[in-house]
Amino acid sequence: MQAQAPQFSDDQAEAWDRISSGLRSQGVDIDNGILVPPAEGRASVMAVIGKAGSGKTLLLAELYKALKGAGVEIVSGDWEGKRRKERRSLAILAPTNKAASVLRQRGVPATTIHRILYTPVYDPQYERIAEWLAGQAERPKVEGLTEEAMDRAYAFYQQVASIPGALAAAGLKGSDFIQGWKRREDPLDIGFVDEASMLDERQFSDLQEIFPRLVLFGDPAQLAPVGQSGKMVFESLEPQQRLDLHRIHRQTQDNPILDLAHALADDRLEFDAFERLVREKAAQDDRVVWSERVDADLMARSPVLVWRNATRVKLITAFRLGHGAPVDDLMPGEPLICDGIELPLKHRKKRVDLEARGLIKGAQVIYLGPGNRSGFAKLHVIGAEDPQLSVASIIKIERPDEEEPFIPHAHTMGAAFLHGAAVTIHKAQGSQWPEVQVFAPDLSAAAWANRTEAGVPLWKRLAYVAITRAETRLHWVVRNRLARPKQPLGISDLRAAPKLELKSGDEMDERLT
């Protein structure tokens, strides 16, 4: 079936043509909707670069549809069938679960980089079910599963092409059918990477080993990964490898949030003048709010974005006081941010298991309550395809003017968490929320400090990233105050029970070996 490109702008059309030409060498002709023999030894990287509203996501989505229409197999990271010589594969990746979920909400089946670098090892009898669901084998008979359970799995897979989801519909838990995780050995064909400004050099190198054809989609106005001298990986590419999108599209031109983001490109714009512009937009359009106080109710699911860590800790403390949280424990509904995996190198398998489930540094979770064993916590991972789990946790609550954090829950090793009612703008990259609060006094401090990054005033980069995290409404908070919460914390908007249990210590050693 021949793919017909949508009505693109000139720069999008040029990017489509150049990417289409590159894909043909990988064995995919999206213009005619067919698979062709691939050329040997033609590995390459291209980057589609543009600011918010330039049409990067639209281009990515249309390329995905064309590739799928041509018969390319979409690799999700959940399960892969036996490799076939004639197969062509595509994986659509994002650095975080939240960034991947933004694409999934737009109909693009994205997964995280970790879920492609590491693949699940299935129990052999349940792998037979996966092969059947994917159309690669006859319907098996599996001990312990009724025909009705198999029918439920099949019906689920017909609506949502997720092997773990189908097995869960049959009444299985992840720990039943996933025995562990292994580093990917077989390469794939084509990789699309969204939010490529967040890629670090090591991730980029890992992806180049897996994908002979790699296309990065990134925003040059965002903040570079910490420790990379203000540079993003696509900035090292040759000019002919970069596809720049300049036009801001009609559907975004009446968006006051994006208007503010693009105003920051004016070299003459100072911070005070920008705040006047924010106030003018707020008077004209309710999608921009000039706020005298931080909204504590929004903080429960959408963190306040700040620059300084001291500000973050003070706002978290005020949030917990406002909700009457006990000083020595967490309340169900409190937001957390994964701060990494605290495991020694000898426990590499455990680290891979946790990261593959979504607990990578920067992941946003909601605390549901204590686990069934000491040191475990029940959590909901925001943006994960299978979000609820119980995991050995080290939860740290920082307090103003105290060097050591308070630790209400701690296991000897496992996933570490900080409170997530407020986060730094760096950590917010790749995420979006319907409503976002930006703490303007911190950006003012960055402006007064005269700091720059890659030749651009730091406050402008911070403001651009923070503003473009808002999907529908931007709250520009101008005073260091917190409004009292109007609603109690809760978890009624989340499913009640965890589906997975991630073990630590000897129990995980037994399960993964």
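Ile113 has its side chain within reach of Leu199: a pair of non-hydrogen atoms, C-beta onward, lies under 4.5 Å apart. In this structure the side chain of Leu494 reaches within 4.5 angstrom of the side chain of Arg301, judged on heavy atoms. Between Leu145 and Leu172 the shortest side-chain heavy-atom distance falls below 4.5 Å. Side-chain contact between Asp123 and Tyr126 is present, with at least one heavy-atom pair separated by less than 4.5 Å. Between Asp10 and Glu14 the shortest side-chain heavy-atom distance does not fall below 4.5 Å. Inter-residue side-chain proximity for Leu379 and Ile366 is flagged as unmet; no heavy-atom pair is nearer than 4.5 Å. Residues Ile92 and Asp194 fail the side-chain proximity criterion, which asks for heavy atoms closer than 4.5 Å. Annotation: side chain of Leu103 is in contact with side chain of Thr57 (closest heavy-atom distance under 4.5 Å).
When each of Asp31, Val48, Leu243 is tested with Trp16 by the rule side chain to side chain contact (heavy atoms under 4.5 Å, CB included), just one qualifies, namely Asp31.
With Ser21 contributing its side chain and Asp17 its backbone, the two residues share no donor-acceptor pair below 3.5 Å. Checked by atom type and distance alone, the side chain of Gln222 never pairs as donor or acceptor with a backbone atom of Gln429 at under 3.5 Å. Arg104 places a side-chain N or O within 3.5 Å of a backbone atom of Ala110 that can act as its donor or acceptor partner. Formation of a donor-acceptor pair under 3.5 Å by the Tyr464 side chain with backbone atoms of Ala52 is found in this model. Under a 3.5 Å cut-off, the side chain of Asn255 and the backbone N or O of Ile257 do form a donor-acceptor pair. With Arg24 contributing its side chain and Val36 its backbone, the two residues share no donor-acceptor pair below 3.5 Å. Side-chain N or O atoms of Gln241 include none that pairs as donor or acceptor with a backbone N or O of Met46 at under 3.5 Å. Side chain of Ser89 to main chain of Asp189: a donor-acceptor pair is present (N/O by atom type, distance under 3.5 Å, no hydrogens or angles).
Annotation: ring-ring contact (aromatic ring centres under 6.0 Å, His included) contacts of Phe217 (sequence neighbours excluded): Phe192. Scored by the ring-ring contact (aromatic ring centres under 6.0 Å, His included) test, Trp132 finds Tyr154 as partners (sequence neighbours excluded). Take Arg152 and apply the side-chain contact (heavy atoms from CB on, under 4.5 Å) test, not counting sequence neighbours, and it matches Glu148, Ala149. Every ring-ring contact (aromatic ring centres under 6.0 Å, His included) that Tyr367 has, sequence neighbours left out, goes to His409. Under the rule for a side-chain contact (heavy atoms from CB on, under 4.5 Å), the partners of Gln240 that lie at least two apart in sequence or sit in another chain are Arg18, Glu238.
Under the 4.0 Å criterion applied to side-chain N and carboxylate O atoms, Glu131 and Arg128 are not assigned as salt-bridge partners. Checked for salt-bridge contact, Asp285 and Arg287 meet the test: a charged N lies under 4.0 Å from a carboxylate O. Comment: Lys141 engages Glu147 in a salt bridge, judged by a side-chain N to carboxylate O separation of less than 4.0 angstrom. Electrostatic pairing of Asp151 and Arg139 counts as a salt bridge here, judged by a charged N lying under 4.0 Å from a carboxylate O.
Side chain to side chain, Arg213 and Ser44 meet the donor-acceptor criterion of an N or O pair below 3.5 Å. Remark: the Asp219 side chain and the Ser197 side chain contain no N/O donor-acceptor pair separated by less than 3.5 Å.
The nearest pair of heavy atoms linking Ile129 to Met150 is CD1-SD, 4.1 Å. Taking all atoms of both residues into account, the shortest heavy-atom contact from Gly55 to Leu245 is C-CD1, 4.0 Å. Taking all atoms of both residues into account, the shortest heavy-atom contact from Pro220 to Ile49 is CD-CG2, 3.3 Å. Ser431 and Trp433 get closest at one heavy-atom pair: CB-CH2, 3.5 Å. In this structure, Gly490 and Asp493 approach most closely via the heavy-atom pair O-OD1, 4.1 Å. Here the shortest heavy-atom pairing between Met299 and Pro335 reads O-CG, 3.8 Å.
In this structure, NZ in Lys378 is found 12.5 Å from OG in Ser393, a value given to the nearest 0.5 Å. How far CD of Gln437 is from CG of Leu298: 4.5 Å, rounded to the nearest 0.5 Å. Note: His380 NE2 to Ile382 CD1 = 4.5 Å, rounded to the nearest 0.5 Å. Distance check: Leu35 CG to Ile30 CD1 gives 12.0 Å after rounding to the nearest 0.5 Å. Residue Leu167 holds its CG atom at 10.5 Å from OH of Tyr157, rounded to the nearest 0.5 Å. Between Leu216 atom CG and Glu195 atom CD the span is 12.0 Å, to the nearest 0.5 Å.
Annotation: salt bridge (Lys or Arg N to Asp or Glu O under 4.0 Å) contacts involving residues 427-437, sequence neighbours excluded, comprise Glu435-Arg473.
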Step by step, would you call Arg242 with Glu235 a side-chain contact (heavy atoms from CB on, under 4.5 Å)? CA-CA 9 Å; Arg242 296 164 55 111; Glu235 293 180 315; 4.2 Å; yes
Under the side-chain contact (heavy atoms from CB on, under 4.5 Å) rule, what do Leu63 and Leu59 come out as? Steps first, then yes or no, please. CA-CA 6 Å; Leu63 285 165; Leu59 184 61; 4.1 Å; yes
Could you go step by step and tell me if Leu223 and Leu462 meet the side-chain contact (heavy atoms from CB on, under 4.5 Å) rule? CA-CA 7 Å; Leu223 294 158; Leu462 292 167; 3.9 Å; yes
Would Phe211 and Val193 count as a side-chain contact (heavy atoms from CB on, under 4.5 Å) if you check the C-alpha gap in whole Å, the side-chain angles of each, and the deciding distance to 0.1 Å? CA-CA 11 Å; Phe211 297 100; Val193 184; over 6 Å; no
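Shown here is Gln158, whose CD atom has more than 12 heavy atoms of other residues, nucleotides or ligands within 6.0 Å.
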